[in-house]
*Asks:* 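Below is a structure I'd like to ask you about.
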Amino acid sequence: MNILILGSGGREHTIAWKIAQSNNCRNLYVAPGNSGTAEIATNVPVSVTDFQAIKTVVLNNNISMVIVGPEDPLVFGIHDFFLDDEALKNVAVIGPQKAAAELEGSKEFAKEFLIKHNIPTAAYQSFNANTVEDGYAFLETLKPPYVLKADGLAAGKGVVILEDIKEAKAELKAMLVDSKFGNASAKVVIEEFLDGIELSCFVLTDGKHYKILPTAKDYKRIGEGDTGLNTGGMGAISPVPFADNVFMTKIKERIVIPTINGLQKDNLPYKGFVFIGLIKVGADPFVIEYNVRLGDPETEVVLPRLKNDLVEVFQAVANQTLDTIDIEIDERAATTVMLVSGGYPEAYEKGKEIFGIENVEDSIVFHAGAQIKDNKIVTSGGRVMAITSYGKTYQEAIKKSYQNIEKLHFDKMNYRKDIGFDL
Ligand code: AMP
Ligand code: GLY
(Lines give C-alpha, C1' and ligand atoms only; values in the text may rest on other atoms or scores of the structure.)
(Ligands and ions follow the chains in the order given, each with its own letter.)
Protein backbone atom coordinates (compact mmCIF):
# COMPACT_ATOMS: atom_id res chain seq x y z
CA MET A 1 0.00 0.00 0.00
CA ASN A 2 0.96 3.66 -0.25
CA ILE A 3 1.54 5.43 3.04
CA LEU A 4 1.75 9.09 4.11
CA ILE A 5 3.51 10.27 7.28
CA LEU A 6 2.70 13.76 8.59
CA GLY A 7 5.52 15.74 10.21
CA SER A 8 9.10 16.86 9.69
CA GLY A 9 11.12 15.97 12.77
CA GLY A 10 13.42 13.22 13.97
CA ARG A 11 10.34 11.29 15.06
CA GLU A 12 8.96 11.29 11.52
CA HIS A 13 12.32 10.34 9.96
CA THR A 14 12.44 7.40 12.37
CA ILE A 15 8.88 6.30 11.51
CA ALA A 16 9.77 6.59 7.81
CA TRP A 17 13.00 4.60 8.33
CA LYS A 18 11.02 1.82 10.02
CA ILE A 19 8.21 1.79 7.43
CA ALA A 20 10.70 1.80 4.56
CA GLN A 21 11.89 -1.60 5.84
CA SER A 22 8.44 -3.13 5.39
CA ASN A 23 7.45 -5.19 2.34
CA ASN A 24 3.93 -3.94 2.88
CA CYS A 25 4.75 -0.39 1.85
CA ARG A 26 4.96 0.40 -1.87
CA ASN A 27 5.26 4.18 -2.03
CA LEU A 28 6.07 6.25 1.04
CA TYR A 29 5.34 9.98 1.30
CA VAL A 30 6.15 12.45 4.07
CA ALA A 31 4.51 15.87 4.45
CA PRO A 32 6.45 18.08 4.72
CA GLY A 33 9.45 15.89 5.69
CA ASN A 34 13.14 16.82 5.97
CA SER A 35 16.50 15.93 4.39
CA GLY A 36 16.44 12.51 6.06
CA THR A 37 12.99 11.51 4.81
CA ALA A 38 13.94 12.80 1.33
CA GLU A 39 16.46 9.93 1.08
CA ILE A 40 13.92 7.17 1.70
CA ALA A 41 10.53 8.66 0.75
CA THR A 42 8.93 11.39 -1.34
CA ASN A 43 8.56 14.68 0.51
CA VAL A 44 5.44 16.69 -0.29
CA PRO A 45 5.47 20.40 0.64
CA VAL A 46 2.21 20.45 2.59
CA SER A 47 1.58 21.65 6.14
CA VAL A 48 0.42 19.07 8.70
CA THR A 49 -2.61 21.20 9.56
CA ASP A 50 -3.76 21.93 5.99
CA PHE A 51 -6.36 19.16 5.85
CA GLN A 52 -7.65 20.07 2.36
CA ALA A 53 -4.13 19.92 0.91
CA ILE A 54 -3.53 16.61 2.71
CA LYS A 55 -6.75 15.27 1.18
CA THR A 56 -5.46 16.14 -2.29
CA VAL A 57 -2.15 14.36 -1.62
CA VAL A 58 -3.99 11.26 -0.33
CA LEU A 59 -6.34 11.05 -3.32
CA ASN A 60 -3.73 11.85 -5.98
CA ASN A 61 -1.32 9.22 -4.68
CA ASN A 62 -3.78 6.48 -3.81
CA ILE A 63 -2.71 6.53 -0.15
CA SER A 64 -4.43 4.07 2.15
CA MET A 65 -2.73 4.83 5.47
CA VAL A 66 -1.84 8.13 7.15
CA ILE A 67 0.42 8.18 10.20
CA VAL A 68 0.18 11.39 12.19
CA GLY A 69 3.46 12.39 13.87
CA PRO A 70 2.77 15.60 15.85
CA GLU A 71 -0.15 16.54 18.11
CA ASP A 72 -1.55 19.61 16.35
CA PRO A 73 -3.40 17.83 13.50
CA LEU A 74 -4.83 15.34 16.03
CA VAL A 75 -6.05 18.01 18.42
CA PHE A 76 -7.52 19.89 15.41
CA GLY A 77 -9.40 16.72 14.41
CA ILE A 78 -7.66 15.24 11.37
CA HIS A 79 -8.94 11.74 12.13
CA ASP A 80 -12.55 12.98 12.26
CA PHE A 81 -11.96 14.98 9.05
CA PHE A 82 -11.07 11.71 7.30
CA LEU A 83 -14.01 9.79 8.78
CA ASP A 84 -16.47 12.53 7.78
CA ASP A 85 -15.30 12.61 4.15
CA GLU A 86 -16.84 10.12 1.66
CA ALA A 87 -13.58 9.88 -0.32
CA LEU A 88 -11.32 9.49 2.72
CA LYS A 89 -13.33 7.50 5.21
CA ASN A 90 -11.67 4.17 4.35
CA VAL A 91 -8.14 5.51 4.69
CA ALA A 92 -6.55 4.21 7.91
CA VAL A 93 -5.47 7.06 10.19
CA ILE A 94 -2.99 6.27 12.97
CA GLY A 95 -3.75 8.78 15.71
CA PRO A 96 -6.79 9.32 17.97
CA GLN A 97 -9.95 11.22 17.11
CA LYS A 98 -10.39 14.80 18.33
CA ALA A 99 -12.34 13.95 21.48
CA ALA A 100 -9.56 11.63 22.68
CA ALA A 101 -6.77 13.98 21.56
CA GLU A 102 -8.03 16.35 24.27
CA LEU A 103 -5.94 14.22 26.63
CA GLU A 104 -3.05 16.25 25.26
CA GLY A 105 -5.03 19.28 24.06
CA SER A 106 -6.31 20.17 27.54
CA LYS A 107 -4.46 19.56 30.80
CA GLU A 108 -7.73 20.02 32.69
CA PHE A 109 -9.44 17.35 30.57
CA ALA A 110 -6.52 14.99 31.22
CA LYS A 111 -6.63 15.61 34.98
CA GLU A 112 -10.41 15.01 35.07
CA PHE A 113 -9.89 11.75 33.15
CA LEU A 114 -7.14 10.62 35.54
CA ILE A 115 -9.15 11.37 38.67
CA LYS A 116 -12.33 9.84 37.27
CA HIS A 117 -10.57 6.57 36.47
CA ASN A 118 -8.59 6.46 39.71
CA ILE A 119 -5.21 6.70 38.00
CA PRO A 120 -2.43 7.99 40.29
CA THR A 121 -1.54 11.62 39.56
CA ALA A 122 -0.69 14.82 41.47
CA ALA A 123 -3.55 16.53 43.33
CA TYR A 124 -4.73 19.63 41.43
CA GLN A 125 -7.28 22.38 40.94
CA SER A 126 -7.94 24.44 37.86
CA PHE A 127 -8.66 28.16 37.58
CA ASN A 128 -9.69 30.79 35.04
CA ALA A 129 -9.56 34.60 34.85
CA ASN A 130 -12.65 34.88 37.10
CA THR A 131 -11.17 32.68 39.81
CA VAL A 132 -7.63 34.11 40.10
CA GLU A 133 -8.19 34.95 43.78
CA ASP A 134 -9.17 31.33 44.46
CA GLY A 135 -5.99 30.33 42.65
CA TYR A 136 -3.90 32.49 45.00
CA ALA A 137 -5.67 30.90 47.97
CA PHE A 138 -5.01 27.39 46.59
CA LEU A 139 -1.31 28.24 46.14
CA GLU A 140 -1.21 29.23 49.84
CA THR A 141 -2.32 25.71 50.79
CA LEU A 142 0.56 24.08 48.85
CA LYS A 143 4.20 23.64 49.75
CA PRO A 144 6.80 24.91 47.25
CA PRO A 145 7.78 24.31 44.50
CA TYR A 146 4.56 25.39 42.75
CA VAL A 147 3.57 23.75 39.46
CA LEU A 148 1.45 25.86 37.07
CA LYS A 149 0.27 24.45 33.75
CA ALA A 150 -1.40 26.31 30.91
CA ASP A 151 -4.42 24.21 29.96
CA GLY A 152 -3.95 24.19 26.18
CA LEU A 153 -1.16 23.48 23.69
CA ALA A 154 1.74 25.87 24.30
CA ALA A 155 4.51 24.30 22.19
CA GLY A 156 5.98 22.56 25.24
CA LYS A 157 6.45 25.83 27.14
CA GLY A 158 3.22 25.89 29.16
CA VAL A 159 4.51 24.34 32.40
CA VAL A 160 6.15 26.69 34.90
CA ILE A 161 7.65 25.51 38.21
CA LEU A 162 8.50 28.16 40.81
CA GLU A 163 9.96 28.11 44.31
CA ASP A 164 8.61 31.43 45.49
CA ILE A 165 4.93 31.96 46.31
CA LYS A 166 5.01 35.61 45.17
CA GLU A 167 6.44 34.58 41.81
CA ALA A 168 3.90 31.78 41.55
CA LYS A 169 1.04 34.23 42.11
CA ALA A 170 2.50 36.65 39.56
CA GLU A 171 2.84 33.80 37.06
CA LEU A 172 -0.75 32.73 37.63
CA LYS A 173 -1.90 36.28 36.94
CA ALA A 174 0.33 36.52 33.84
CA MET A 175 -1.16 33.32 32.46
CA LEU A 176 -4.83 33.93 33.28
CA VAL A 177 -5.21 37.69 33.13
CA ASP A 178 -2.43 38.78 30.77
CA SER A 179 -2.83 35.76 28.44
CA LYS A 180 0.86 34.85 28.63
CA PHE A 181 0.26 31.78 26.45
CA GLY A 182 -2.68 33.28 24.55
CA ASN A 183 -5.82 31.22 24.66
CA ALA A 184 -3.81 28.21 25.90
CA SER A 185 -3.61 29.84 29.35
CA ALA A 186 -7.27 30.88 29.59
CA LYS A 187 -7.37 28.07 32.15
CA VAL A 188 -4.51 27.02 34.40
CA VAL A 189 -4.03 23.77 36.29
CA ILE A 190 -2.13 24.16 39.56
CA GLU A 191 -0.84 20.91 40.95
CA GLU A 192 1.07 19.37 43.78
CA PHE A 193 4.80 19.00 43.06
CA LEU A 194 5.91 15.38 42.75
CA ASP A 195 9.52 14.70 43.62
CA GLY A 196 11.02 11.78 41.73
CA ILE A 197 12.62 10.55 38.54
CA GLU A 198 10.80 10.77 35.21
CA LEU A 199 10.27 8.21 32.47
CA SER A 200 7.92 7.70 29.56
CA CYS A 201 5.82 4.68 28.75
CA PHE A 202 4.55 4.19 25.19
CA VAL A 203 1.38 2.26 24.53
CA LEU A 204 -0.19 1.45 21.18
CA THR A 205 -3.94 0.86 21.16
CA ASP A 206 -6.62 0.05 18.59
CA GLY A 207 -9.30 1.27 21.00
CA LYS A 208 -9.99 -2.24 22.34
CA HIS A 209 -6.61 -3.88 22.81
CA TYR A 210 -3.23 -2.48 23.70
CA LYS A 211 0.47 -3.27 23.51
CA ILE A 212 3.11 -1.78 25.76
CA LEU A 213 6.18 -0.63 23.83
CA PRO A 214 9.64 -0.03 25.30
CA THR A 215 10.04 2.65 27.98
CA ALA A 216 12.32 5.63 27.38
CA LYS A 217 13.86 8.45 29.33
CA ASP A 218 14.16 11.87 27.77
CA TYR A 219 16.60 14.66 28.72
CA LYS A 220 14.61 17.88 28.41
CA ARG A 221 16.94 20.58 29.74
CA ILE A 222 19.46 22.29 27.47
CA GLY A 223 22.31 22.14 29.99
CA GLU A 224 24.39 19.34 31.42
CA GLY A 225 23.28 18.04 34.81
CA ASP A 226 19.66 18.87 33.83
CA THR A 227 20.12 22.63 34.07
CA GLY A 228 18.90 25.59 32.03
CA LEU A 229 15.86 26.01 29.82
CA ASN A 230 13.50 23.26 28.75
CA THR A 231 13.84 22.01 25.18
CA GLY A 232 11.89 19.53 23.08
CA GLY A 233 14.41 16.90 24.24
CA MET A 234 18.22 16.63 23.98
CA GLY A 235 18.62 12.85 24.06
CA ALA A 236 16.98 9.62 25.14
CA ILE A 237 17.66 6.13 26.41
CA SER A 238 15.64 2.92 26.12
CA PRO A 239 14.93 0.82 28.10
CA VAL A 240 14.89 2.81 31.33
CA PRO A 241 17.17 0.84 33.69
CA PHE A 242 15.10 1.50 36.83
CA ALA A 243 11.84 0.35 35.19
CA ASP A 244 12.22 -3.27 36.30
CA ASN A 245 9.49 -5.93 36.12
CA VAL A 246 7.96 -5.03 39.47
CA PHE A 247 7.70 -1.36 38.51
CA MET A 248 6.39 -2.17 35.00
CA THR A 249 3.66 -4.33 36.53
CA LYS A 250 2.58 -1.36 38.64
CA ILE A 251 2.52 0.84 35.53
CA LYS A 252 0.45 -1.73 33.66
CA GLU A 253 -2.06 -2.41 36.41
CA ARG A 254 -2.45 1.06 37.90
CA ILE A 255 -2.05 3.17 34.77
CA VAL A 256 -2.15 1.45 31.37
CA ILE A 257 -5.17 -0.82 31.90
CA PRO A 258 -7.30 1.88 33.59
CA THR A 259 -6.34 4.30 30.80
CA ILE A 260 -7.41 1.95 28.00
CA ASN A 261 -10.59 0.99 29.88
CA GLY A 262 -11.27 4.66 30.60
CA LEU A 263 -11.04 5.54 26.91
CA GLN A 264 -13.69 2.92 26.15
CA LYS A 265 -15.96 3.86 29.06
CA ASP A 266 -15.81 7.54 28.11
CA ASN A 267 -16.35 6.86 24.40
CA LEU A 268 -13.05 8.33 23.34
CA PRO A 269 -12.16 6.67 20.00
CA TYR A 270 -8.46 5.90 19.97
CA LYS A 271 -6.33 4.21 17.33
CA GLY A 272 -2.79 5.29 17.95
CA PHE A 273 0.00 5.88 20.42
CA VAL A 274 -0.56 6.91 24.03
CA PHE A 275 2.59 8.51 25.44
CA ILE A 276 2.32 8.45 29.22
CA GLY A 277 4.69 10.82 31.00
CA LEU A 278 5.41 9.30 34.41
CA ILE A 279 7.27 10.16 37.55
CA LYS A 280 8.53 7.53 39.99
CA VAL A 281 7.94 8.75 43.53
CA GLY A 282 9.46 6.31 46.00
CA ALA A 283 8.54 3.00 44.38
CA ASP A 284 5.29 4.14 42.75
CA PRO A 285 4.40 5.57 39.33
CA PHE A 286 2.31 8.75 38.91
CA VAL A 287 1.07 10.26 35.66
CA ILE A 288 2.41 13.73 34.86
CA GLU A 289 0.83 14.02 31.44
CA TYR A 290 -0.63 12.24 28.47
CA ASN A 291 0.50 12.90 24.92
CA VAL A 292 -1.47 11.44 22.04
CA ARG A 293 1.52 10.70 19.80
CA LEU A 294 5.05 9.38 20.02
CA GLY A 295 7.71 11.51 21.70
CA ASP A 296 10.66 13.14 20.03
CA PRO A 297 13.51 12.11 20.62
CA GLU A 298 12.02 9.06 22.40
CA THR A 299 10.87 7.63 19.04
CA GLU A 300 14.51 7.56 17.93
CA VAL A 301 15.22 4.93 20.61
CA VAL A 302 11.82 3.19 20.88
CA LEU A 303 11.18 2.28 17.22
CA PRO A 304 14.72 1.01 16.53
CA ARG A 305 14.08 -1.56 19.30
CA LEU A 306 10.81 -2.77 17.76
CA LYS A 307 11.45 -5.86 15.63
CA ASN A 308 7.96 -6.16 14.10
CA ASP A 309 6.94 -4.97 10.67
CA LEU A 310 5.45 -1.59 11.62
CA VAL A 311 2.97 -1.58 8.73
CA GLU A 312 1.52 -4.90 9.92
CA VAL A 313 1.24 -3.50 13.42
CA PHE A 314 -0.54 -0.36 12.14
CA GLN A 315 -2.89 -2.45 9.99
CA ALA A 316 -3.86 -4.33 13.14
CA VAL A 317 -4.50 -1.01 14.88
CA ALA A 318 -6.73 0.12 12.02
CA ASN A 319 -8.64 -3.21 11.97
CA GLN A 320 -8.84 -3.47 15.78
CA THR A 321 -6.98 -6.79 15.74
CA LEU A 322 -3.98 -5.69 17.77
CA ASP A 323 -4.57 -8.69 20.06
CA THR A 324 -3.34 -10.96 17.23
CA ILE A 325 0.10 -9.29 17.09
CA ASP A 326 3.07 -10.37 19.22
CA ILE A 327 5.29 -7.39 19.82
CA GLU A 328 8.98 -8.32 19.62
CA ILE A 329 11.54 -6.09 21.26
CA ASP A 330 15.28 -6.02 20.61
CA GLU A 331 17.13 -6.94 23.82
CA ARG A 332 19.78 -4.32 23.15
CA ALA A 333 19.67 -0.84 24.62
CA ALA A 334 19.33 2.15 22.33
CA THR A 335 20.44 5.71 23.00
CA THR A 336 20.19 8.90 21.04
CA VAL A 337 21.94 12.27 21.33
CA MET A 338 20.40 15.35 19.71
CA LEU A 339 22.65 17.83 17.90
CA VAL A 340 21.17 21.31 18.18
CA SER A 341 21.81 24.77 16.74
CA GLY A 342 23.86 27.07 19.00
CA GLY A 343 21.46 29.32 20.92
CA TYR A 344 18.54 26.84 20.91
CA PRO A 345 16.02 26.81 22.65
CA GLU A 346 16.31 30.59 22.31
CA ALA A 347 17.21 32.40 19.07
CA TYR A 348 19.53 30.53 16.68
CA GLU A 349 20.72 30.75 13.07
CA LYS A 350 19.67 28.41 10.29
CA GLY A 351 21.12 27.37 6.95
CA LYS A 352 24.43 25.98 8.28
CA GLU A 353 25.88 23.19 6.15
CA ILE A 354 26.17 19.84 7.98
CA PHE A 355 29.38 17.90 7.36
CA GLY A 356 30.47 14.33 8.00
CA ILE A 357 27.25 12.29 7.87
CA GLU A 358 28.86 9.87 5.41
CA ASN A 359 31.58 9.06 7.98
CA VAL A 360 29.19 7.82 10.66
CA GLU A 361 29.64 4.09 11.33
CA ASP A 362 27.46 1.81 13.42
CA SER A 363 25.03 4.57 14.45
CA ILE A 364 21.88 5.81 12.74
CA VAL A 365 21.55 9.48 11.85
CA PHE A 366 17.94 10.63 12.13
CA HIS A 367 17.47 14.08 10.61
CA ALA A 368 15.22 16.59 12.38
CA GLY A 369 15.61 20.32 11.61
CA ALA A 370 17.61 19.72 8.43
CA GLN A 371 16.75 20.31 4.78
CA ILE A 372 18.39 19.87 1.40
CA LYS A 373 19.35 23.19 -0.21
CA ASP A 374 21.48 23.47 -3.37
CA ASN A 375 22.38 19.78 -3.01
CA LYS A 376 23.73 20.35 0.50
CA ILE A 377 22.23 19.30 3.83
CA VAL A 378 21.73 22.43 5.93
CA THR A 379 20.22 23.19 9.34
CA SER A 380 16.62 24.43 9.33
CA GLY A 381 15.61 24.16 12.98
CA GLY A 382 16.77 24.13 16.60
CA ARG A 383 17.01 20.37 16.96
CA VAL A 384 19.02 19.30 13.91
CA MET A 385 19.72 15.57 14.08
CA ALA A 386 19.60 12.64 16.49
CA ILE A 387 22.43 10.11 16.56
CA THR A 388 21.08 6.72 17.65
CA SER A 389 23.16 3.68 18.60
CA TYR A 390 22.58 0.21 19.97
CA GLY A 391 24.64 -1.49 22.66
CA LYS A 392 24.56 -4.41 25.09
CA THR A 393 24.21 -1.72 27.74
CA TYR A 394 23.13 1.90 27.42
CA GLN A 395 26.67 2.91 28.37
CA GLU A 396 28.06 1.04 25.37
CA ALA A 397 25.42 2.54 23.08
CA ILE A 398 25.97 6.09 24.29
CA LYS A 399 29.72 5.74 23.77
CA LYS A 400 29.09 4.87 20.11
CA SER A 401 26.84 7.88 19.63
CA TYR A 402 29.47 10.20 21.10
CA GLN A 403 32.26 8.62 18.98
CA ASN A 404 30.24 9.27 15.84
CA ILE A 405 29.33 12.80 16.88
CA GLU A 406 33.07 13.56 16.75
CA LYS A 407 32.80 13.09 12.98
CA LEU A 408 29.85 15.46 12.56
CA HIS A 409 30.04 19.20 12.33
CA PHE A 410 28.11 22.38 11.60
CA ASP A 411 28.74 25.95 12.65
CA LYS A 412 27.72 26.50 16.32
CA MET A 413 26.72 22.85 16.79
CA ASN A 414 25.79 22.06 20.40
CA TYR A 415 24.80 18.88 22.25
CA ARG A 416 24.68 17.48 25.76
CA LYS A 417 27.69 15.38 26.67
CA ASP A 418 26.06 13.72 29.69
CA ILE A 419 23.04 11.80 28.36
CA GLY A 420 22.40 8.98 30.87
CA PHE A 421 24.38 10.71 33.63
CA ASP A 422 21.68 10.24 36.26
CA LEU A 423 21.01 6.53 35.81
P1 AMP B 1 4.71 18.55 30.92
O2 AMP B 1 4.73 19.59 29.83
O3 AMP B 1 3.39 18.29 31.52
O4 AMP B 1 5.50 17.34 30.52
O5 AMP B 1 5.59 19.17 32.10
C6 AMP B 1 6.91 19.57 31.84
C7 AMP B 1 7.80 19.11 32.95
O8 AMP B 1 7.40 19.70 34.19
C9 AMP B 1 7.74 17.62 33.21
O10 AMP B 1 8.56 16.90 32.35
C11 AMP B 1 8.20 17.56 34.64
O12 AMP B 1 9.62 17.64 34.69
C13 AMP B 1 7.65 18.80 35.23
N14 AMP B 1 6.40 18.54 35.96
C15 AMP B 1 5.15 18.58 35.48
N16 AMP B 1 4.25 18.31 36.42
C17 AMP B 1 4.94 18.10 37.57
C18 AMP B 1 4.59 17.78 38.92
N19 AMP B 1 3.32 17.66 39.30
N20 AMP B 1 5.57 17.61 39.80
C21 AMP B 1 6.87 17.75 39.45
N22 AMP B 1 7.27 18.07 38.21
C23 AMP B 1 6.33 18.23 37.27
N1 GLY C 1 10.28 14.63 24.16
C2 GLY C 1 9.05 15.05 24.69
C3 GLY C 1 7.94 15.11 23.75
O4 GLY C 1 8.00 14.64 22.63
O5 GLY C 1 6.91 15.64 24.14
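When a ligand or atom number is given, it counts from 1 through the structure's own listing order.
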*Asks:* I need the atoms of ligand 2 closer than 4.0 Å to a non-hydrogen atom of G232, numbered in the order shown.
*Replies:*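 The list of qualifying atoms is 1 (N), 2 (C).
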*Asks:* Can D164 and Y146 be counted as having a side-chain donor-acceptor contact under 3.5 angstrom?
*Replies:*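 Result is no, nothing qualifies.
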*Asks:* Quick one: are the ring centres of Y210 and F273 less than 6.0 Å apart?
*Replies:*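 Between F273 and Y210, which both carry aromatic rings, the centre distance is not below 6.0 Å.
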*Asks:* Among side-chain atoms of S126 and K111, is any donor-acceptor pair under 3.5 angstrom?
*Replies:* no
*Asks:* Check K107 against ligand 1 and report side chain, backbone, both or neither, counting heavy atoms closer than 4.0 Å.
*Replies:*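 Under 4.0 Å from ligand 1, K107 contributes side-chain atoms alone.
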*Asks:* Under 4.0 Å from a heavy atom of E289: give me the atoms of ligand 1 that qualify, with their elements.
*Replies:*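 Contacts of ligand 1 toward E289, numbered from 1: 1 (P), 2 (O), 3 (O), 4 (O).
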*Asks:* Which residue holds the protein heavy atom closest to atom 2 (O) of ligand 1, what is that atom called, and what is the gap in Å?
*Replies:* V159 CG2, 3.3 Å
*Asks:* For atom 13 (C) of ligand 1, what is the nearest protein heavy atom, given as residue, atom name and distance?
*Replies:* I161 CD1, 3.6 Å
*Asks:* In terms of the angle between their ring planes, are Y290 and F113 parallel, tilted or perpendicular, with boundaries placed at 30° and 60°?
*Replies:* perpendicular
*Asks:* Of all the atoms in ligand 1, which lie at a distance below 4.0 Å from a heavy atom belonging to K149?
*Replies:* 3 (O), 15 (C), 16 (N)
*Asks:* Which heavy-atom pair separates E191 from Y124 by the least distance, and what is that distance?
*Replies:*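 E191 and Y124 have their closest heavy atoms at CB-CB, 3.7 Å.
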*Asks:* Considering only heavy atoms, which of M234, E104, R293 lies nearest to atom 3 (C) of ligand 2?
*Replies:* R293
*Asks:* Do D309 and S22 have side-chain atoms, one donor and one acceptor, less than 3.5 Å apart?
*Replies:*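 Their side chains do contain a donor-acceptor pair, which is all the 3.5 Å distance test asks for.
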*Asks:* If only atom types and distance count, is the side chain of T379 paired as donor or acceptor with the main-chain N or O of G381 below 3.5 Å?
*Replies:*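 No.
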*Asks:* Against heavy atoms of D218, which atoms of ligand 2 measure under 4.0 Å?
*Replies:*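 Going through ligand 2 atom by atom, the ones under 4.0 Å from D218 are 1 (N), 2 (C).
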*Asks:* Looking at F193, which atoms of ligand 1 are within less than 4.0 Å of one of its heavy atoms?
*Replies:*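 That gives atoms 20 (N), 21 (C), 22 (N) of ligand 1.
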*Asks:* F275 heavy atoms, cut-off 4.0 Å: which ligand 2 atoms fall inside?
*Replies:*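 Matching atoms, with element in brackets: 3 (C), 4 (O), 5 (O).
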*Asks:* Quick check on contacts: which atoms of ligand 2 are under 4.0 angstrom from a heavy atom of G295?
*Replies:* 4 (O)
*Asks:* Relative to each other, are the rings of F355 and H409 parallel, tilted or perpendicular (30° and 60° limits)?
*Replies:*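 If you compare the ring of F355 with that of H409, the planes turn out parallel.
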*Asks:* Any side-chain donor-acceptor pair under 3.5 Å between D72 and T49?
*Replies:* no
*Asks:* Any N or O of L194 that comes nearer than 3.5 Å to an N or O of ligand 1?
*Replies:*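 Between L194 and ligand 1, an N or O pair is found under 3.5 Å apart.
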*Asks:* When you measure from atom 12 (O) of ligand 1 to each heavy atom in K157, E191, K220, E198, which option holds the nearest one?
*Replies:* E198
*Asks:* Looking at E298, which atoms of ligand 2 are within less than 4.0 Å of one of its heavy atoms?
*Replies:* 1 (N), 2 (C), 4 (O)
